[in-house]
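Below: one structure, written as structure tokens.
Remember, it's 1-based here, ligands and their atoms both numbered in the order they're listed. None of these values were measured; they are calculated from a predicted model.
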Amino acid sequence: MLSKAMTDQLNHQINLEMYSSHLYLQMSAWCAYKALDGCASFLSQHAAEEMTHMHRLLNYVQETGALAVVGGMEAPPTQFNSLNELFEQIYEHERFITSKIKDLVHLATVEPDYSTLQFLQWYVAEQHQEEFLFKGILDKIELIGTEGQGIFFIDREIATLATNPAKETTSMTPAV
Ligand code: FEO
């Protein structure tokens, strides 16, 4: 059985994962609008992935007998000054999500709630992977540059991540 504090914090995380999905879907739409089809495809796929993160949490809360709450959210931003800015925002957002997972792990440790602590290990590994993925994309943007044909090559490179996400995996990749 979850404590009230743990239920509230897990429900907040459900809402955050949904917001991540909305944010990446909106970013995908912006990329499509700018004819960056590879980035649009990758971000659309990632938006769907965020919903699986949300459902994993929702199912866990429900399995404990607590009431899962999806909540509402603000609309994500629709305009970005550049592709670089867009991916910088994603990287910062993922670092924020990592901090929220750490807060959950901290609460599970001090309560203590060993079941939730065990459940959260998947998210700890996932956030390691997410930060690695988006830092890698920022590094590629820096390396290739967005001047001239650079943006075309970046879009093509990111398109390969949509079709082959395993390319960016490490030993910390959470088992699905
Ligand atoms: Fe649900 Fe992008 O982490």
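Looking at heavy atoms from C-beta onward, Thr116 lies in side-chain contact with Tyr60 at the 4.5 angstrom threshold. Side-chain contact between Leu133 and Leu161 is present, with heavy atoms from C-beta onward closer than 4.5 Å. Contact of the Tyr123 side chain with the Arg56 side chain is registered, since non-hydrogen atoms from C-beta on lie closer than 4.5 Å.
Glu49 lies apart from atom 2 (Fe) of ligand 1 in this respect, since none of its N, O or S atoms is found at a distance under 2.8 Å. With 2.8 Å as the limit, Glu130 counts as an N, O or S neighbour of atom 2 (Fe) of ligand 1. Note on Glu94: counted as a metal contact of atom 2 (Fe) of ligand 1, an N/O/S atom lying under 2.8 Å.
Sorting the N, O or S atoms of Glu50 by how far they are from atom 1 (Fe) of ligand 1 puts OE1 first. When distances from atom 1 (Fe) of ligand 1 to the N, O or S atoms of His53 are compared, ND1 comes out shortest. Summary: OE1 is the N/O/S atom of Glu17 found nearest to atom 1 (Fe) of ligand 1.
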Could you give me the CA-CA distance, side-chain angles and deciding distance for Glu17 and Ile97, then say whether side-chain contact (heavy atoms from CB on, under 4.5 Å) is met? CA-CA 8 Å; Glu17 299 290 345; Ile97 295 294; 4.0 Å; yes
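Between His93 and Tyr24, the two ring planes are perpendicular [angle over 60°; tilted spans 30° to 60°].
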